[in-house]
Amino acid sequence: GKHPKQKLAELCEQHDWLRAERDDEWEGELRIDVYDKRVAENDCDYFESGSSGEYCCWSWKEAYERALELIENNQECST
């Protein structure tokens with residue numbers, strides 16, 4: 001099967017609002033921020049929670065699962 005990183009990239013292409021960004025500040029650790037761009041834009045303190053924030057993932061698999069959750073929540077909002 002596909003690597004979660006690749007599946008995550010495909011999700012981001014399908015959904016304009018979905019963002020998944022690798023945080024390079026963490027030397028030797030993989031950290032990926034997965035979030036709804038619209039929420040982050042409306043909340044200037046969104047990233048204040050740092051690595052304890054809900055957007056923060058520590059593996060591609062976790063990041064992919066987080067993205068799926070966001071998409072599910074988003075579909076509930078739009079109906």
Side-chain angles (χ1 to χ4, degrees):
K2 287 179 182 166
H3 191 281
K5 181 179 180 180
Q6 195 181 344
K7 293 195 283 192
L8 183 58
E10 287 171 6
L11 289 179
C12 290
E13 281 170 23
Q14 290 162 13
H15 303 277
D16 289 340
W17 52 268
L18 183 63
R19 287 282 179 274
E21 291 164 0
R22 182 164 182 180
D23 191 329
D24 292 324
E25 284 176 39
W26 297 70
E27 280 294 319
E29 275 195 272
L30 177 64
R31 178 183 156 183
I32 309 124
D33 293 336
V34 182
Y35 59 96
D36 185 331
K37 182 181 72 142
R38 299 163 304 188
V39 175
E41 281 170 358
N42 291 330
D43 181 358
C44 56
D45 295 326
Y46 187 69
F47 292 108
E48 287 298 300
S49 17
S51 59
S52 61
E54 57 175 6
Y55 47 78
C56 190
C57 302
W58 302 99
S59 72
W60 288 110
K61 183 174 182 289
E62 190 189 336
Y64 175 62
E65 285 165 4
R66 164 94 180 125
L68 289 179
E69 269 176 44
L70 283 173
I71 290 165
E72 262 180 50
N73 295 343
N74 182 65
Q75 283 166 345
E76 283 167 21
C77 296
S78 57
T79 49

Practice task
Would you name the heavy atoms of L68 and L11 that are closest together and state the gap between them?
Solution key: CD2-CD1, 3.8 Å
Practice task
Heavy atoms only: give me the nearest Y46-A40 pair and the separation to one decimal.
Solution key: CD2-CB, 3.7 Å
Handout entry: Same cluster (ILVMFWY, side-chain, under 4.5 Å), F47 and I32
Key = no
Exercise for the section: Mind listing the closest non-hydrogen atom pair of D33 and C56 along with its distance? Expected result: OD1-CA, 4.0 Å
Exercise for the section: Drop me the distance from K2's NZ to K7's NZ, to the nearest 0.5 angstrom. Expected result: 8.5 Å
Problem - Exam field: side chain Y55 to backbone G50, donor-acceptor pair closer than 3.5 Å - result: yes
Exercise for the section: Decide whether W17 and V39 are clustered together by the hydrophobic rule: side chain heavy atoms of Ile, Leu, Val, Met, Phe, Trp, Tyr closer than 4.5 Å, transitively. Expected result: no
Completion exercise
All heavy atoms of S51 vs all of W58, minimum pair found to be CB-CZ2, 3.7 Å
Problem - Separation between CG of N74 and NE2 of H15, rounded to the nearest 0.5 Å - result: 7.5 Å
Exercise for the section: Identify the two heavy atoms, one from L30 and one from S59, that lie closest to each other, and give their separation to 0.1 Å. Expected result: CD2-CA, 4.0 Å
Practice task
Can you tell me which residue pairs pass the salt bridge (Lys or Arg N to Asp or Glu O under 4.0 Å) test with a partner in residues 41-56, sequence neighbours excluded?
Solution key: E54-R66
Handout entry: Any donor-acceptor N/O pair, N42 side chain to R38 backbone, under 3.5 Å
Key = yes
Practice task
Would you give the length of the straight line joining atom CZ of R31 to atom CD of E21, rounded to the nearest 0.5 angstrom?
Solution key: 10.5 Å
Completion exercise
Taken in chain and number order and not counting sequence neighbours, the residues that satisfy side-chain hydrogen bond (donor to acceptor under 3.5 Å, both in side chains) with E62 are none
Handout entry: Interatomic spacing from CG in L8 to NZ in K61 - rounded to 0.5 Å
Key = 13.0 Å
Completion exercise
Between R22 and E29, the two heavy atoms sitting closest are NH2-O, 4.3 Å
Problem - Hphob cluster co-occupancy, Y35 + W60, side-chain heavy atoms under 4.5 angstrom - result: no
Exercise for the section: To the nearest 0.5 Å, tell me how far E13 CD sits from L18 CG. Expected result: 11.0 Å
